[in-house]
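Report on one structure; see the data block that follows.
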Amino acid sequence: ILCVAETLFARHGFAGASLRQVTAAANVNLAAVNYHFGSKESLIEEVFRRRLDELNRHRLAALAAIGANPQCTLEDVLDAFVRPALEQSMDAAGGSAFVRVLARAYAEHDERLRKFLSDNYGHVLREFVGAFSLLLPHLAREELYWRLDIVAGALTYAMADFGVIKRKNSVSEQSHREQSAQHLVRFAAAGLRAA
């Protein structure tokens, strides 16, 4: 049900994909969706929870690993933020569909969904903000949030693999992802350091 819902939400948006479409595509009845999820809004939340719980576990583990190093750099923290997301976007089991769902979450102004994401995953951003603040003491908190918002937008764009730079047939997905991570980290570090 979650895989089908993710695909349909990616294709049609949250408002455009009905529970009936989800149940028909998943070959289940509406009662099963209501029993497991209770409502369409709860189903949407579970689509996010399934991916974001894993993503943020990886992000926080990477941040903890580098946090123990007194020589930790801005690039290290950015890598801990960027690389797990790029890896998830390349996941053959629906990673690209989730990226489109995530982009829709940014584009569609659904206050309930934004509150859900903030309540459940805001702590992860705060952990990273703490690490960035230590490395960028010249930035006021509001300015840091502006810049991180732009970094998150660039990351979402890179995850969608929508840009001008496409993976060549001769380049493996892993190599392409590595190049994307390196370029994004270098670009973001320059933007965050700017006076």
Side-chain angles (χ1 to χ4, degrees), residues 1-62 81-128 145-146 148-167 173-174 176-177 180-181 184 188:
I1 294 171
L2 289 172
C3 291
V4 167
E6 182 177 74
T7 301
L8 290 173
F9 292 147
R11 190 175 302 143
H12 303 293
F14 303 116
S18 70
L19 279 182
R20 294 212 182 276
Q21 288 173 308
V22 171
T23 57
N27 201 24
V28 298
N29 62 37
L30 190 57
V33 173
N34 286 329
Y35 174 77
H36 289 292
F37 303 104
S39 67
K40 182 178 178 182
E41 289 76 19
S42 294
L43 175 62
I44 292 168
E45 290 173 3
E46 286 306 312
V47 165
F48 278 94
R49 193 181 309 277
R50 179 173 75 132
R51 300 282 186 183
L52 292 179
D53 284 359
E54 177 186 356
L55 169 60
N56 287 308
R57 264 194 307 277
H58 289 291
R59 278 179 162 166
L60 291 174
F81 185 74
V82 165
R83 192 172 301 276
L86 286 174
E87 287 173 0
Q88 187 178 73
S89 71
M90 302 283 186
D91 177 10
S96 62
F98 181 68
V99 172
R100 291 191 305 276
V101 170
L102 190 58
R104 284 192 180 275
Y106 285 118
E108 295 181 15
H109 298 286
D110 182 331
E111 290 306 317
R112 186 174 191 268
L113 180 56
R114 286 181 185 213
K115 182 174 179 356
F116 166 79
L117 293 172
S118 176
D119 289 351
N120 289 278
Y121 303 104
H123 69 284
V124 177
L125 182 59
R126 287 189 293 277
E127 289 286 329
F128 277 92
Y145 274 105
W146 270 106
L148 288 176
D149 204 33
I150 293 166
V151 170
L155 174 58
T156 303
Y157 189 79
M159 289 168 67
D161 197 25
F162 187 68
V164 175
I165 307 295
K166 295 290 181 203
R167 183 176 68 86
E173 283 194 23
Q174 184 175 358
H176 182 69
R177 181 177 62 230
S180 296
L184 184 53

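The line from NZ of Lys40 to CZ of Phe14 is 9.5 Å long, rounded to the nearest 0.5 Å. The CD atom of Glu54 sits 5.5 Å away from the CD atom of Gln88 when rounded to the nearest 0.5 Å. Atoms OG1 and CD, from Thr7 and Gln21 in turn, are 12.5 Å apart once rounded to the nearest 0.5 Å. Atoms NE2 and CZ, on His123 and Phe128 in that order, are 10.5 Å from each other to the nearest 0.5 Å. Taking CG of Leu184 as the reference point, atom CZ of Arg177 lies at 14.0 Å (rounded to 0.5 Å). In this structure, CZ in Arg51 is found 7.0 Å from CZ in Phe98, a value given to the nearest 0.5 Å.
Using modelled atom types, no side-chain atom of Asn56 and backbone atom of Arg59 make a donor-acceptor pair closer than 3.5 Å.
Sparse packing is recorded around CD of Glu127, with 12 or fewer heavy atoms of other residues, nucleotides or ligands lying under 6.0 Å away. Counting heavy atoms of neighbouring residues, nucleotides and ligands inside a 6.0 Å radius, atom CZ of Arg20 does not exceed 12 of them.
Partners of Arg57 according to the side-chain hydrogen bond (donor to acceptor under 3.5 Å, both in side chains) rule, which considers only residues two or more places apart in sequence or in another chain, do not exist here. Partners of Asp119 according to the side-chain hydrogen bond (donor to acceptor under 3.5 Å, both in side chains) rule, which considers only residues two or more places apart in sequence or in another chain, are Lys115.
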Original post:
Tyr121 and Leu55: side-chain contact (heavy atoms from CB on, under 4.5 Å), yes or no, with the steps?
Top reply: CA-CA 10 Å; Tyr121 303 104; Leu55 169 60; over 6 Å; no

Original post:
Val4 and Thr23: side-chain contact (heavy atoms from CB on, under 4.5 Å), yes or no, with the steps?
Top reply: CA-CA 9 Å; Val4 167; Thr23 57; over 6 Å; no

**OP:** Determine, step by step, whether Asn120 and Leu52 satisfy the side-chain contact (heavy atoms from CB on, under 4.5 Å) criterion, reporting the C-alpha distance in whole Å, the side-chain angles of both residues, the deciding distance to 0.1 Å, and the verdict.
**Re:** CA-CA 9 Å; Asn120 289 278; Leu52 292 179; over 6 Å; no

Subject >> Working for side-chain contact (heavy atoms from CB on, under 4.5 Å), residues Phe48 and Ile44 >> reply: CA-CA 7 Å; Phe48 278 94; Ile44 292 168; 3.9 Å; yes

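Counting all heavy atoms, side chain and backbone alike, Ser42 lies closest to Phe37 at CB-O, 2.9 Å. His12 and Ala17 make their closest contact through CB-N, 3.9 Å (heavy atoms, listed as atom of the first residue, atom of the second, distance). For Thr156 against Val99, the heavy-atom pair with the smallest separation is O-CG1, 4.1 Å. The minimum heavy-atom distance linking Ala97 with Ala10 is given by the pair O-CB, 3.5 Å. Looking at every heavy atom in both residues, Glu46 comes nearest to Leu2 through CB-CD2, 3.8 Å. Closest of all the heavy-atom pairs between Val82 and Ala181 is CG1-CA, 4.3 Å.
With respect to Glu6, the salt bridge (Lys or Arg N to Asp or Glu O under 4.0 Å) criterion is satisfied by exactly one of Arg100, Arg50, Arg49, Arg11: Arg50.
Contact check for Leu155 versus Phe81: side-chain heavy atoms found under the 4.5 Å cut-off.
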